Amino acid sequence: MSTFAAAPAARPDPTTRPEKRTSGMSIALSYTLITARSTFRNTRFILFTVALPVVMYLLFNNLYGDQTEAGINVGAYLMVSMAAYGGIGATINAGARIAIERQTGWNRQLRLSALSARGYLIAKAAVAMLVALPAIVLVFLAGVAFGSAHLTFAQWLGCGLALWLSLIPFGVLGLVIGFVATVDSAQPLTMLTYMALAILGGLWFPVSQFPSLLQHVAKALPSYWAAEIAREPLAHQAIPLTGVLVLAAWAVGLGLLAMAAYRRSGRKA
Amino acid sequence: MTTSAARTTPPAAPSVRDGAAVRLTGLHKSFGQVHAVRGVDLTIAPGEVVAFLGPNGAGKSTTIDMLLGLTAPDAGSATVFGADPVTAVQAGSVGAMLQSGALLPDVTVRELVTMFAALHRHPLPVDEAIERAGISEIAGQKTTKLSGGQAQRVRYALALVPDPDLLVLDEPTVAMDVELRRSFWASMREATAAGKTVLFATHYLEEADDFADRVVVLARGRIVADGTGAQIKATVAGRAITAAIPGATVAALRDLPGVASAEQQGPRMVLRCTDSDGALRALLAAFPASHDIEIRTGNLEDAFLELTANATQVAA
């Protein structure tokens, strides 16, 4: 049985402490790296977020990949849709993992560090964005290996980057769920919003096949615009301003909600 | 031990004014229908060791949460070293040991402490925090494999990481065995000898009496007593007379001189006295058949029960 060691007799004077003043930004960065490492260590989580979109892409691509519609190769269209689907799932789920930290009380412990509320939220959102990369990259790689789409390198890069940046509102949405839900409700709530956004946003079936009311709904959703923006490089079109505005509005609105939910979550979950 | 000889800075003067370590003013907090904290005012001077004593549900943890900036008060304010709690925490002036709550899973104790230290501006060296909390032996273990007492010590190490001036400990010795508890408080004594301010919550009366300079009793969200352990005992009736008193009613006994309150406990009556000598003379004069008479000094346990019982009546 070990005992508590005696404190050193003299306490260093705070004014003579080594001036290793760490800034708030670098503390947030430390936290991002720590969280990213622990998330990527969770291989089951990574596999789950990556496997489903890749399998679905391969399936759909096999059925319709050779067709061409409105000048766009359907295989490429599917590839972007499924990459968006995977990326959205990864970002939402990453944030929703906060619910677990809240239940264990680790979230309260973190509030007793120098990590600020803003630093915490930025770090969590950054990790969500990092977690989305494997899903996008692997679906694209599957596209290269098995797809019939022939894209230039600039198109690949443009699609990937446009899609990745469009995922910001979903990362924030994950945070909101992570702060609002309990451990038990986080999973179903994540699944529900994820599926609703994917289907209503036209990631599974093209929006053009929707009834007109649902078409309007789709055009207010971030999932529709994330895929739409990512497809623009395929058709050599400019990125639609409406889409950027819709995504920005969702990001800001959800961001405010996340801040409010974060403040509320200090008390015990 | 050369603590006092080696100390470079004099202990903080117990003058409060603007240098208060903790100042709580008119704190209120409700959760739905439950009014958990109902107007708490408290000032703690630097260097004081204060016990927050109260039964479960007295509002101890909620008050501590507000003091740490984890919960916003509905009314009133909390400051730590003159700053708002969140600022004080981020500056590293406050270290806290939270009640229960699991540690982050899938990491070793050392990884956890290192990780937490990475989130501070001028942390204590990881090895020093580990050594002072007495967890060197378990530093390589996974956090999920710890006993309750071991987990408490890891939490204590996390509280030391900021190298804080104020340590806040919410029920620190829960799940510790007697020996560990003793060594924990011995290590706390060293910390306070070095001039740290300590506020700890407990429902162990001996802990409050033995380790705190000052005991603040909380019941039903209010402070019902504030003083040294000895003062707390003195504020309630000093002694109690227990006796079998044939033919006596509670009302008649309560009217005797020197008796503060009377109650029936089985076949015997318990008289809490302000003046036990006078009460005993009056008792024997009025009820000569009294027998099996015992007189005992009130202990902190009695004081505590009485104080919290009164608060119940006020609240009802």
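Naming: A, B, ... by sequence-line order, numbering from 1 per chain. Since this is a predicted model, take the numbers as computed values, not measurements. Just so you know, these numbers use all the heavy atoms, side chains as well, and skip hydrogens, waters and symmetry mates.
A distance of 4.5 Å separates CD in Q109(A) from CG in L158(B), rounded to the nearest 0.5 Å. With values rounded to the nearest 0.5 angstrom, R37(A) atom CZ is found 7.0 Å from E111(B) atom CD. Atoms CD and CZ, on Q99(B) and R108(A) in that order, are 8.5 Å from each other to the nearest 0.5 Å. Taking CG of L104(B) as the reference point, atom CD of E101(A) lies at 6.5 Å (rounded to 0.5 Å).
No other option in A114(A), A117(A), S116(A), G119(A) has as many heavy-atom pairs under 4.5 Å with chain B as A114(A). Contact tally against chain A (heavy-atom pairs below 4.5 Å) for V86(B), V107(B), L112(B): the top residue is L112(B).
The side-chain heavy atoms of H120(B) and I27(A), taken from C-beta on, include no pair separated by under 4.5 Å. Between V89(B) and R111(A), the closest side-chain pair of non-hydrogen atoms is not below 4.5 Å. Using a 4.5 Å heavy-atom threshold, the side chains of M115(B) and Y31(A) count as separate.
Using a 4.5 Å cut-off between heavy atoms, A186(B) does not touch chain A at all. When heavy atoms are compared at a cutoff of 4.5 Å, L112(A) approaches chain B by way of both its backbone and its side chain.
The environment of CE in M195(A) is crowded: more than 12 heavy-atom neighbours from other residues, nucleotides or ligands sit within 6.0 Å.
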